[in-house]
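Have a look at the structure below before the remarks.
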Amino acid sequence: MELSISYQLFQLLLPFFGGVAAGLLYDILGPFRKLSRRGFTKSLWDAFYWLLCAVMLFSIGLWAGQGRLRFMMWVLAGLGAVVYSLLLRRCFCLFVDFMASGVGYIVGSAAMPVKILQGYLRKFLLFLKKGFSFL
């Protein structure tokens, strides 16, 4: 059984771009990992990342590799991740950090009325507590 040249090129490019996608996914999950204060939650984010990478490689092997995950697919996925980290990572990390700070600003602005009401409610409850302490 022979494979056409275009399908062989497809088999080469899909794992390569899968490696680039794995690098992008790692940088997208980066802010969530940074917000995690405990080591256990960081480990959960890492496990989630590796689970998605395993699903990606398995899918590439089933789809492009005709049911076989070949060694060259592993190598090309790793090469794609290295190329991403060398060429695109700085720009994409700046973009992700900018987007994360923008989302943080929007969420903080939306939560501001709740914080103000919480302060007034706390003062009111303290007033009631002092008022009823004399009974």
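For this chain, numbers begin at 1 and follow the sequence in order. Just the heavy atoms: all of them, side chains too, but no hydrogens, waters or symmetry mates, feed the values below.
When the side chains of ILVMFWY residues are joined at heavy-atom separations under 4.5 Å, either directly or via intervening members, Met56 and Leu62 end up in two distinct hydrophobic clusters. Cluster membership for Phe58 and Leu52, using ILVMFWY side-chain heavy atoms within less than 4.5 angstrom, is not shared. Put simply, Leu88 and Leu24 are part of the same group of oily side chains (I, L, V, M, F, W, Y) that touch within less than 4.5 Å, one to the next. Taking hydrophobic clusters as Ile, Leu, Val, Met, Phe, Trp and Tyr residues chained together by side-chain heavy-atom distances below 4.5 Å, Leu12 does not share a cluster with Val75. Hydrophobic clustering places Phe92 together with Val20 (ILVMFWY residues linked when any side-chain heavy atoms are closer than 4.5 Å, directly or through intermediates).
Evaluation of the ring-ring contact (aromatic ring centres under 6.0 Å, His included) rule for Phe10 yields Tyr7, Trp63 as partners, not counting sequence neighbours. Evaluation of the side chain to side chain contact (heavy atoms under 4.5 Å, CB included) rule for Met73 yields Pro15, Ile60, Leu69, Arg70 as partners, not counting sequence neighbours.
Dense packing is recorded around CZ of Phe16, with more than 12 heavy atoms of other residues, nucleotides or ligands lying under 6.0 Å away. Heavy atoms from other residues, nucleotides or ligands lying under 6.0 Å from CE of Met72 number more than 12.
Tyr84 contributes no side-chain N or O that, together with a main-chain N or O of Phe17, makes up a donor-acceptor pair within less than 3.5 Å.
The nearest pair of heavy atoms linking Asp27 to Val96 is O-CG1, 3.6 Å. The two residues Trp45 and Arg33 make their nearest non-hydrogen contact at CD1-CA, 4.2 Å.
The side-chain heavy atoms of Phe40 and Leu44, taken from C-beta on, include a pair separated by under 4.5 Å. Contact check for Leu76 versus Leu79: side-chain heavy atoms found under the 4.5 Å cut-off.
Between Lys123 atom NZ and Tyr120 atom OH the span is 6.5 Å, to the nearest 0.5 Å. Of the inter-residue distances, the one linking Arg122 atom CZ with Leu117 atom CG reads 12.5 Å to the nearest 0.5 angstrom. The CZ atom of Phe95 lies 11.0 Å from the CG atom of Asp97; values are rounded to the nearest 0.5 Å. Here the OG1-CG distance, from Thr41 to Asp46, works out to 10.0 Å after rounding to the nearest 0.5 Å. The NZ atom of Lys34 sits 12.0 Å away from the OG atom of Ser36 when rounded to the nearest 0.5 Å.
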